[in-house]
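See structure below.
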Amino acid sequence: MASLSQLMENEVFMAFASYTTIVLSKMMFMSTATAFYRLTRKVFANPEDCAGFGKGENAKKYLRTDDRVERVRRAHLNDLENIVPFLGIGLLYSLSGPDLYTAILHFRLFVGARIYHTIAYLTPLPQPNRALAFFIGYGVTLSMAYRLLKSKLYL
Amino acid sequence: MASLSQLMENEVFMAFASYTTIVLSKMMFMSTATAFYRLTRKVFANPEDCAGFGKGENAKKYLRTDDRVERVRRAHLNDLENIVPFLGIGLLYSLSGPDLYTAILHFRLFVGARIYHTIAYLTPLPQPNRALAFFIGYGVTLSMAYRLLKSKLYL
Amino acid sequence: MASLSQLMENEVFMAFASYTTIVLSKMMFMSTATAFYRLTRKVFANPEDCAGFGKGENAKKYLRTDDRVERVRRAHLNDLENIVPFLGIGLLYSLSGPDLYTAILHFRLFVGARIYHTIAYLTPLPQPNRALAFFIGYGVTLSMAYRLLKSKLYL
């Protein structure tokens with residue numbers, strides 16, 4: 001298992017592992033937020049989910065959409081759309097032997113931007129707060145993609 | 001290629017590879033299920049998809065939504081929202097040198113919970129079947145994230 | 001760092017890194033396409049996004065859906081649903097020591113199929129262009145999953 005212990009002794013890789021775990025845990029929190037708003041506002045997407053709140057037609061009135069719930073779901077989908085590229089590109093970038101401080105700067109900016117994006121989306125803060133958070137995360141991922149392709153392109 | 005063959009000789013990593021391939025293949029099955037319901041129920045989201053079922057206004061009547069199709073799509077999105085964190089956190093956890101039996105227990109619980117989640121969503125089974133399946137998968141991923149950050153945090 | 005440099009000297013892994021970075025960058029382009037259509041067509045999902053286009057009730061009229069925007073969003077979600085399995089299964093497949101030419105054929109077909117899928121979805125081209133692109137990408141991922149499980153199954 002020499003190779004495995006070497007991988008986890010590599011500082012860039014360990015930093016990537018830590019920041020990725022944090023940003024993925026943050027994304028998982030969005031499921032809890034959706035569940036919270038669905039239960040407190042009694043807004044459901046499936047008939048079986050509102051069976052506990054009444055019988056027959058009485059329960060069906062909870063099959064509806066709600067601004068607050070839809071907002072959390074959009075924030076969650078935006079997380080998916082941006083964290084998946086970070087996960088793939090960031091992993092490969094971490095393995096390509098980048099400078100430790102440059103790499104950590106990328107990871108910190110991305111994680112900070114995504115946390116700020118969630119705050120800006122759920123509060124909601126006026127624009128361009130959310131747009132700015134989005135573009136910082138987007139730019140960080142593109143920067144890693146550019147460095148990776150520049151140094152390691154193999155087609 | 002010493003490092004690569006070592007990686008694939010590592011038992012935790014091989015188990016992760018097997019369970020991940022199974023749960024991702026299961027997720028891909030959701031696309032087939034959506035296509036099946038769209039074709040058998042003639043429910044489409046794009047005008048070009050229903051061109052084969054009639055011309056002009058006659059085809060447009062198939063541009064509609066359907067409870068069954070929307071249910072499969074929600075199950076698919078829920079898969080994405082939960083399997084992406086498992087993919088990232090599980091990969092890093094597998095590389096962090098966990099105990100083999102603990103790791104396999106995590107993977108088995110997650111894959112079992114997600115398969116049960118799909119069955120509970122598509123049947124549909126009454127609650128709390130689906131909620132329980134969701135929380136088992138969610139808890140497994142959080143448990144791996146906790147162990148990873150506890151042993152390897154590097155910020 | 002012997003193991004890391006070995007990983008990036010492995011030709012299959014480098015090819016996987018390059019093609020994955022390209023297909024993930026393509027997926028990120030979908031966010032830009034959505035933003036482009038939202039701004040040029042003034043179609044928004046959040047009240048704070050249209051605050052710059054008018055005050056009060058005057059701004060609220062931009063809270064609407066639009067065929068073009070929804071089409072890009074469906075293409076983006078389809079990308080997520082298909083690129084996530086490719087990312088996970090492809091990574092593990094690359095590490096399982098496949099033949100270089102077979103592996104590169106898989107990666108090229110997948111990336112080509114997904115680019116063609118986007119073109120077919122956004123133009124839109126008549127069916128079965130998009131369906132064909134979808135099934136090529138789907139088949140490539142299943143083929144990698146099959147080879148991985150056949151050679152390395154460990155449950």
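Please read all numbers here as calculations on a predicted model, not as lab measurements. The figures that follow rest on heavy atoms only: side chains count, while hydrogens, waters and symmetry mates do not. Labels below follow one simple rule: chain letters A, B, ... track the order of the sequence lines, proteins then strands, and each chain is numbered from 1.
Residues of residues 102-134 of chain C lying under 4.5 angstrom from chain A, judged on non-hydrogen atoms, are I104(C), R108(C) by number.
Residues L77(A) and H76(C) fail the side-chain proximity criterion, which asks for heavy atoms closer than 4.5 Å.
Atom CZ of R73(C) has 12 or fewer neighbouring heavy atoms from other residues, nucleotides or ligands inside a 6.0 Å radius. Within a 6.0 Å radius of CG in D66(A), other residues, nucleotides and ligands contribute more than 12 heavy atoms.
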* Would you sort out whether R71(A) and E48(C) count as a salt bridge (Lys or Arg N to Asp or Glu O under 4.0 Å), showing the intermediate values? => CA-CA 12 Å; R71(A) 181 176 284 276; E48(C) 68 269 25; 2.8 Å; yes

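Contact record, S25(C) with I89(A): OG-CD1, 4.4 Å, taken as the closest heavy-atom pair. The minimum heavy-atom distance linking A145(A) with T21(C) is given by the pair CB-CG2, 3.5 Å.
With chain A as the partner, the residue from V84(C), L87(C), L80(C) showing the most heavy-atom pairs under 4.5 Å is L80(C).
Rounded to the nearest 0.5 Å, atoms CZ (F13(C)) and CG (L92(A)) are 5.5 Å apart. Taking CG from L91(A) and CG from L91(C), the interatomic distance works out to 6.0 Å, rounded to the nearest 0.5 Å. Atom CG of L24(C) sits about 12.5 Å away from atom CZ of F86(A), to the nearest 0.5 Å. For the atom pair CE of M14(C) and OG of S151(A), the computed distance is 8.0 Å after rounding to the nearest 0.5 Å.
Panel note: side chain Y138(A), backbone M28(C); a donor-acceptor pair is recorded below 3.5 Å.
In this structure, chain A has a heavy atom under 4.5 Å from the side chain of M27(C), while its backbone stays farther away. Using a 4.5 Å cut-off between heavy atoms, A45(C) touches chain A through backbone and side chain atoms alike. With a threshold of 4.5 angstrom between heavy atoms, I22(C) approaches chain A through side-chain atoms but not through N, CA, C or O.
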